[in-house]
Each structure stands twice: as structure tokens, then as C-alpha cells.
Peer 1: 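Supplied in C-alpha cells, the structure appears directly below.
Proteins come first, then strands; the chains are lettered A, B, ... in the order of their sequence lines, and each starts at number 1.
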Amino acid sequence: MIAYYSSLAMVTSAVLYLVAMTAHAAEWASVRTAKVTRPVPAMVGAPAEAPGPEVAVAVDGRRTELLGRIGLAVTVVAALTHVAGVVLRGVAAQRAPWGNMYEFVTTSLAIVAIVYLVLALRSGMRWLGLPVTLLLTIGQGLAVTVFYVDVSELMPALHSVWFVIHIIAAATAGAAFNVGGIAAILYLVRTRAEARGSVRGYLARIPSAAALDRVSYRFHAFAFPLWTFTIAAGAIWAQFAWGRFWGWDPKETWSLVTWIVYAVYLHARATAGWKGRRAAVVAVVGLATFWFNFIGINLLVSGLHSYAGI
Amino acid sequence: MTNLVGWLRFGWATLTSMRTALILLLILGIAAIPGSLLPQRPTNPVGVADYLRTNPEVGPWLGRLGFFDVFGSAWFAAIYLLLFISLIGCILPRTATFLRELRALPDAGPGRLDRLPGHTVGTVASAPAAVLDAAQAHLRERGYRVRRTDAAISAERGYLREAGNLLFHICLVTTLIGLAWGSLFSFRGTAVVVEGQAFSNTLTQYDEFGAGAAFSSSHLSPFTVRVDRFDVRFEEGPVQTGAAREFTAHVTVSEPGRPDTEQLLQVNAPLSIGGDSVHLLGHGYAPVVTVTDGNGDVAFSGPVVFLPQDTNFRSDGVIKVPDARPERLAFEGVFLPTSVSGGAGGMVSAFPDALKPELLLNVWTGPPRQETGEPESVFSLDKEGLTQLMNGDRPVTVGLSVGASFELPDGRGSISFDGWKRWTKLQVSNTPGGWLVLVSVMLAVIGMGVSLTVRPRRLFVRVAAGAAEDGEGDDVPAGPAGAAASRVSVAGLDRVEGRGGLTEEVAGLAEACGVRVTVAGTDSEEQQ
Ligand code: HEM
């Protein structure tokens with residue numbers, strides 16, 4: 001019964017994320033832009049008084065603002081149902097709800113939703129709304145349709161504190177990588193527009209490229225040490241479960257590949273000629289490897305970690 | 001000659017540059033991918049054989065290029081060795097520079113402050129020395145290192161960033177040393193032990209054994225583990241039916257010079273005996289049979305290990321009775337823990353637990369054979385010199401449930417299925433470098449956390465005696481007759497971008513100097 005309510009909450013949250021996403025899409029589409037010949041305050045490094053080129057700025061209509069608020073409000077409700085779904089799932093299973101892929105995905109996405117809401121409500125980062133709700137809609141949608149499995153007990157190999165630590169760290173790092181990756185994608189879009197001098201419509205509503213780059217970096221800088229720790233905790237767990245801390249299992253290998261890609265990202269940011277665009281591309285590649293490791297490996301390759309199957 | 005030295009210098013500089021490190025890392029990441037997508041010989045030899053069979057064109061080429069053992073291949077090793085040489089070549093000079101910086105005071109800063117972020121100027125009604133005293137106290141309180149001259153202060157904070165970064169990179173090197181040490185001295189072996197039987201830690205008792213180049217058998221610590229009982233529980237509910245839920249081996253551990261102890265061995269809870277770890281890796285069934293030969297003597301009696309073939313533990317095995325007379329006997333067949341009839345193959349197992357065990361065997365006989373002493377697998381039957389017992393044109397099939405026995409035709413003897421036991425697969429291993437790897441990785445995480453959160457910042461104060469000429473200091477109350485006044489300028493600079501609050505911190509410093517703050521200049525960090 002509890003399990004039923006959990007699934008109901010998950011499905012509801014998926015639908016609500018879709019509604020929120022639609023509201024944000026409408027918000028972005030409704031943005032009017034005006035051409036002005038004043039430097040935009042958000043342009044980093046613009047001298048205070050010098051006349052700037054003709055630039056487009058977002059003119060926030062009341063409708064745009066209203067749609068944005070609706071999107072945010074619906075996301076709040078969706079996140080509450082989502083978290084309720086995760087908690088009820090744990091209650092129904094009488095254990096931490098991280099025993100299979102359905103549970104991993106729903107838990108990490110709940111963390112993404114919470115992180116986003118904190119950012120949107122406390123730091124005014126509502127501009128993340130459209131991409132984040134898009135991610136949540138797709139993720140929760142896939143979780144409730146493709147990955148769903150009924151509640152069951154854990155396998156003996158998963159009875160370990162290190163497993164719990166490993167999973168919490170992985171889900172949190174994953175959430176931060178996702179937000180950082182979204183910021184990197186927006187950065188790429190925005191730099192192109194800035195370079196062409198065509199920052200209009202919704203693009204005028206998101207922060208400047210430099211600010212996006214910084215947001216992206218902060219999330220990656222938070223996620224990367226945590227991801228390193230995730231891998232280490234996983235290795236300790238493997239030592240307890242199988243007597244070897246590293247065995248080049250596909251899942252282990254891809255965690256390392258993901259780790260290396262993000263190390264490349266951090267190095268790229270400190271290397272002349274790689275800063276900015278190339279570093280952002282590496283961040284997006286990192287996100288792709290993360291998702292491939294998270295989903296692709298479970299579905300495509302069989303290894304010791306295939307317990308996570310659907 | 002100088003040319004050669006020049007080239008070597010150039011090569012070394014290139015190898016240890018950030019760009020090279022970046023590219024090598026990228027290559028390492030890409031090189032690891034085939035290792036996860038193609039079957040690998042060390043972990044999945046059967047998969048490799050299958051792949052070679054289904055891809056006769058590319059398969060052998062991939063094999064020659066090491067793609068079936070990527071992580072042991074020369075080219076993979078070449079990439080990471082280059083990377084680590086580059087890393088060491090990068091760490092050493094950076095550590096030297098950092099230590100020098102630690103001992104030296106912050107540098108004087110740029111000639112002009114008015115181009116720096118948060119630049120603030122003002123006039124205060126106190127002497128330059130007093131202003132600098134105030135500034136110095138303010139900065140010290142905030143953990144800055146301060147360099148002070150007569151007319152200027154430069155201060156720096158955030159040395160921990162470089163320290164953390166160096167710690168992280170050094171720990172990468174020690175991790176690799178730990179891994180190398182481990183792969184030289186480690187060993188790992190497995191043995192199948194039936195309930196009631198014992199395993200002694202000597203090379204001859206292992207079914208499989210692998211060790212590093214520097215291993216010697218004296219590294220095995222002397223102990224014996226007897227498996228008294230093995231408990232297993234499977235999911236009986238409708239979800240994930242048959243999935244394992246619990247494994248527990250009740251064991252008795254004997255070590256020389258110590259009383260025996262009874263212990264529990266579970267998945268995730270290995271035993272640690274004399275420095276070696278004992279893990280529980282797998283389990284299966286061993287039917288207990290008694291074979292009586294044609295002379296009426298018991299030629300064999302006991303459990304025989306059968307190997308599980310599917311998730312419901314349909315298990316294959318061979319019962320060899322070389323001592324049976326007048327003819328030796330052998331049985332080959334399957335054990336079904338929960339037998340049900342079904343499918344084209346006849347009987348199958350429907351559940352992994354032994355709810356309705358059944359043993360199905362074919363029978364082979366032949367003249368007695370001289371013991372050759374050559375090792376022979378206990379799981380496969382060498383059929384040379386043996387003929388299968390037939391009933392007309394169909395092989396004789398023995399089907400036994402527990403307690404039943406079967407009389408072989410023509411007085412060749414009989415076999416009875418007395419019961420079954422479980423066996424466990426134990427793994428004994430020792431990886432000496434493990435703690436070094438663990439400590440290194442944990443320190444690396446800490447170092448990286450520090451390096452990614454600490455943001456170095458530099459602040460500068462310059463003072464000159466006298467009031468401002470441009471009238472900016474008009475509102476400064478004139479002090480007592482002849483009191484000093486100073487013109488102060490303050491500014492700051494971040495070594496790495498990504499941190500906010502520079503303008504506020506410069507303003508705070510200016511206020512500590514007594515300047516009323518009117519911020520000029522831009523601080524790109526502050527704009528969102
Ligand atoms: C095994 C190879 C390497 C890995 C996995 C690696 C990883 C990392 C990581 C994760 C960071 C960011 C964390 C931090 O700042 O502490 C970093 C930063 C850095 N690494 Fe490496 N590194 C490697 C090799 C090298 C090499 C060979 C060099 C020398 C050229 C180098 C130079 C640096 C520098 C200068 C930074 C600081 C960048 C900044 O200021 O943001 N690394 N490295």
C-alpha cells in the first residue's frame with residue numbers, strides 16, 4: 001500500500017515537472033527584447049561610461065514574470081511530491097531507497113530538484129528553471145516508465161555502510177554535475193550569442209557568459225572531490241564484498257573515465273587556450289559520460305554491478 | 001652537444017607542461033573505454049573466446065593490439081607512465097617554488113593600484129604609520145600574511161590553495177606507488193569447501209591462484225578454516241523471486257598457537273586471519289552419494305561438488321569412481337535443487353533453494369586404469385577408455401531423489417543419493433599496498449577540497465603623508481593643530497577567479513584605515 005502511494009507520488013511529480021517545464025518554456029518564449037544603445041550592466045568588464053554597441057535586453061513583461069512564478073511554484077509542489085515518493089519508497093522497503101536503478105535515479109533527481117529550488121529561491125537563479133525541469137521531466141519520466149521495479153529486499157552484497165555512503169555521495173555529486181553541466185551548456189549557447197551580438201529573447205534573461213562559467217565551475221568544484229570520494233568509498237566497499245578494491249569492472253572503469261574527464265575540465269580551466277569554450281565542452285562531455293555510466297552501463301554491459309538492473 | 005641538451009630541455013619542458021598533462025589525461029580517459037566495452041581476458045576469458053568466434057575478422061587484430069587486456073597492455077601502461085612522469089616533473093618545481101614563497105613575504109604588488117578591483121582612495125586624519133598599524137592589525141586578524149614598508153602594505157592570504165593542490169598531486173603519485181607495491185606482492189586464490197570440510201592455507205589447496213611477481217609461498221599465513229555450516233536464504237516473494245537474500249558461513253578458524261574460534265563469514269564481512277583476508281565469493285550444491293561396485297564393496301562415498309549453471313542452480317558435475325571393481329565407474333549429470341519437468345531438456349530447476357532435489361546421471365564404465373598422477377579436472381570427465389552404459393540404443397539415465405538408490409544393469413553395482421550439502425567458494429587474498437592507496441586517496445580528496453575552496457587574495461595599502469590636493473579630503477575634520485593627515489589608497493586582487501566579495505573586503509580594509517568608502521573601478525567578480 002505504501003509502495004503504491006510512493007509510485008503514485010513519483011508519477012504525479014513527473015507530470016508536475018512537465019507542467020512546470022511548459023510554464024518555463026512559455027516564460028522564455030514570451031520574453032520581449034528591446035534594442036538599446038547602452039551597455040548592459042551584466043556585461044562583464046564593460047567600462048562604466050563608454051557607449052556600448054546596440055544590445056538587446058530583456059524587457060520583463062508581467063506575463064513573463066507570472067509564467068516564471070507559476071513554473072517555480074509548480075516545481076515546488078512537484079519536488080514535495082517527489083521527495084514524498086522517495087521517502088515512502090524507503091518506508092515501504094524498510095531500508096534506504098537506493099537498492100536498484102529506479103531508486104538511484106529518483107533519489108538523485110530529488111537532490112537535483114532540491115538544489116535547484118534552493119538556488120532559485122535563495123540566490124535568484126530561476127533562469128535554471130527550463131533546463132532543470134526538462135531534466136527532471138525526462139529523468140522522472142524514464143524512471144517511472146522504464147526503470148520501475150517493485151519494492152524488494154537488498155542483495156547481500158549491498159548490506160554495507162560503505163554502500164550507503166557510496167550511494168549518497170554519488171547521488172549528491174551527480175546532482176551537482178548535472179547543475180554544473182546545465183550551466184556549461186547555457187554558457188556555450190550564451191557565448192555564441194554574445195560573439196554574434198545577438199543576445200535576444202530568453203538568452204537575454206540568463207546571466208552573462210562569464211557568470212555562467214563561474215556558476216558552472218563552482219558546481220564542478222563541489223562535485224569533483226565528492227565524486228573522487230564516491231569512487232574511493234565504492235572501492236572500499238568492493239574490498240569488503242569481493243576482496244579486491246579495483247577490478248576494472250565496466251562500472252568502475254566508467255567511473256574512472258568520468259573522473260578523468262572532469263580532471264581534464266579542471267585542468268582545461270587553468271590552461272591558456274582551453275579556458276572558456278573548450279573547458280565547457282569538456283564539462284558537457286563529462287556529463288555525458290556520467291549519464292552513460294549511470295544508465296548505459298547498467299543496460300548494455302553486464303558486470304558485477306548489474307544487480308542495479310531494472 | 002648544446003643542441004642535444006637544448007632538445008632535452010625542450011622535451012622535458014613540454015612533457016611537464018600543463019597542456020601535455022591535459023592531453024595525456026584525455027588520452028588516458030579515451031584509452032580506458034575499450035576496456036569496458038570489449039570482454040577482457042583477466043575477468044571474462046569466456047567472453048573473449050565468444051567474441052573471437054563471432055568476429056573472426058577483427059577479433060584477432062584486436063587481440064594482437066591488446067584490446068582484450070587493455071589494462072595490462074603496454075600502450076595503456078605507456079600512457080599512464082608518461083602521465084606520472086609529467087606529474088612528478090610538474091610537482092617538484094612547484095613544491096620548490098611554493099616553499100620559497102612560504103618563506104618569503106608577499107611581493108610589493110603592481111606599481112599602480114588604480115587599475116585594480118575595488119580601488120579606493122581617501123584622506124584620513126592620522127599619520128601614515130598609524131594608518132598602516134591599523135591596516136596591519138585588520139589584515140592579521142583575517143589571516144593575511146603582511147609585508148610592510150614605510151609607505152605600503154601588501155598582504156596575501158590563501159596559501160593553502162597551492163598546498164592543497166600539491167598535496168593532491170603528490171597523493172596521486174603515492175597512490176600509484178601503493179598500487180604498484182600491491183601488484184608486486186599481492187596474491188589471491190580461491191578454494192571450494194564443502195560444509196564439514198576444511199581449507200588449509202597452502203598453495204596445494206587452492207583451486208585457482210594468482211600472485212604478483214614478488215610473491216613467495218612463505219607469504220601465506222598458516223591457518224585452517226573449517227566450514228561447519230552454510231546458511232542461505234532466497235527471495236520467495238513475487239518480486240525478484242529467487243534472488244539471494246542472505247549468505248552466512250559458520251566457520252571454525254584454527255591458527256597455530258591459538259585456540260580455535262568459531263566465526264561468521266558473510267558477504268561484506270570478510271575474515272581477517274594473520275593478515276590475509278578470507279571472503280565468501282559463491283556457493284553451490286554437493287550431492288552426497290554412495291557408490292557400491294560390482295564386487296559389492298563401497299567404492300566411493302561422500303559429497304561431490306557440482307557447479308551451478310543458472311540462477312536456479314541447475315548444477316553440472318561428475319562423480320568419478322576409479323576404485324570400483326571389476327570395472328571402474330563414472331557418472332556425469334546434473335543436480336536440480338527444485339526439480340520440475342519442463343521444456344525440451346526434460347527436467348529443470350525452478351528455484352535456487354533445495355526444495356525438491358533430484359540427481360540425473362549418465363553412467364560410464366571401463367577397465368581399471370593405472371593412476372598416472374597427472375592432474376585432472378574434477379569437473380570434467382575424460383572419456384577415453386570408458387563406454388557409456390546403454391539400454392538398447394538409449395543411454396541409461398539414473399534419476400534419483402534423496403534417499404533413493406539405483407541398481408546398475410548387469411551387476412555392475414549401485415549408486416544411492418544420500419543427501420546434499422552446500423559448498424562455499426572462499427577467496428583468500430592479501431594486497432599489501434592497500435592502506436597506502438587508501439590513505440593517499442583520502443588525503444588527495446582533502447587536498448583537492450582545500451584547493452578548490454580556498455581562493456587566494458591579495459590586498460594592498462599605500463599611504464602618503466599630507467592631505468589630498470584635489471579637495472577630496474575636504475570633509476575630513478581637521479585634527480588638533482599640526483596633526484598629521486595621510487592620503488590612503490587601497491585595492492585588491494584575486495589570484496584565481498571565481499570568488500566574490502573582493503569589493504567588500506577592500507572596503508572593509510579601507511574603513512579600517514579610516515577612509516570613508518567610495519568605490520571606484522570595477523570588480524568583475526561581483527556582477528552576476
Ligand atoms: C595523473 C594526472 C593528473 C590528475 C588526475 C590531475 C588532477 C587534477 C585535479 C583534479 C585538479 C583540480 C584540483 C586542485 O586544484 O587541487 C588539478 C589541478 C591542477 N593540476 Fe593536475 N592532475 C594531474 C596531473 C598534473 C600535471 C602533470 C600537472 C603539471 C603540468 C598538473 C598541474 C595542475 C595544476 C597547475 C593545477 C591547478 C589548476 C588551477 O589552478 O585551477 N596536474 N589537477
Peer 1: Identify which part of B:I30 has an atom lying under 4.5 Å from any heavy atom of chain A, answering side chain, backbone, both or neither.
Peer 2: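 When you check distances to chain A, no heavy atom of B:I30 falls under 4.5 Å.
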
Peer 1: If you measure only the distance, is there a donor-acceptor pair under 3.5 Å linking the side chains of B:R188 and B:N430?
Peer 2: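 On atom types as modelled, these side chains do not qualify, holding no pair under 3.5 Å.
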
Peer 1: Check whether the side chains of B:E208 and B:T190 place a donor and an acceptor atom closer than 3.5 Å, and report yes or no.
Peer 2: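 On atom types as modelled, these side chains qualify, holding a pair under 3.5 Å.
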
Peer 1: Do B:T174 and B:S440 have a side chain donor and acceptor closer than 3.5 Å?
Peer 2: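 Yes, a side-chain donor-acceptor pair sits under 3.5 Å.
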
Peer 1: Could you tell me which residues satisfy side chain to side chain donor-acceptor pair (under 3.5 Å) with A:Q239, sequence neighbours excluded, listed by chain and number?
Peer 2: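 A:Q239 satisfies side chain to side chain donor-acceptor pair (under 3.5 Å) with no other residue.
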
Peer 1: Would you be so kind as to tabulate the donor-acceptor pairs closer than 3.5 Å made by side chains of residues 443-451 of chain B, with sequence neighbours excluded?
Peer 2:
none

Peer 1: Please flag which part of A:W274 lies under 4.5 Å from any non-hydrogen atom of chain B: side chain, backbone, both or neither.
Peer 2: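 The answer is the side chain of A:W274.
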
Peer 1: Heavy-atom pairs under 4.5 Å with chain B - which of A:V261, A:T253, A:T258, A:L226 has more of them than the others?
Peer 2: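 Most heavy-atom pairs within the cutoff with chain B belong to A:T253.
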
Peer 1: Please rank A:W259, A:W248, A:F245 by heavy-atom pairs under 4.5 Å with chain B and give me the top one.
Peer 2: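 Among A:W259, A:W248, A:F245, the one with the most close pairs to chain B is A:W248.
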
Peer 1: Between B:L22 and chain A, which part of the residue has a heavy atom less than 4.5 Å away: side chain, backbone, both or neither?
Peer 2: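 Backbone plus side chain of B:L22, per the 4.5 Å heavy-atom cut-off to chain A.
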
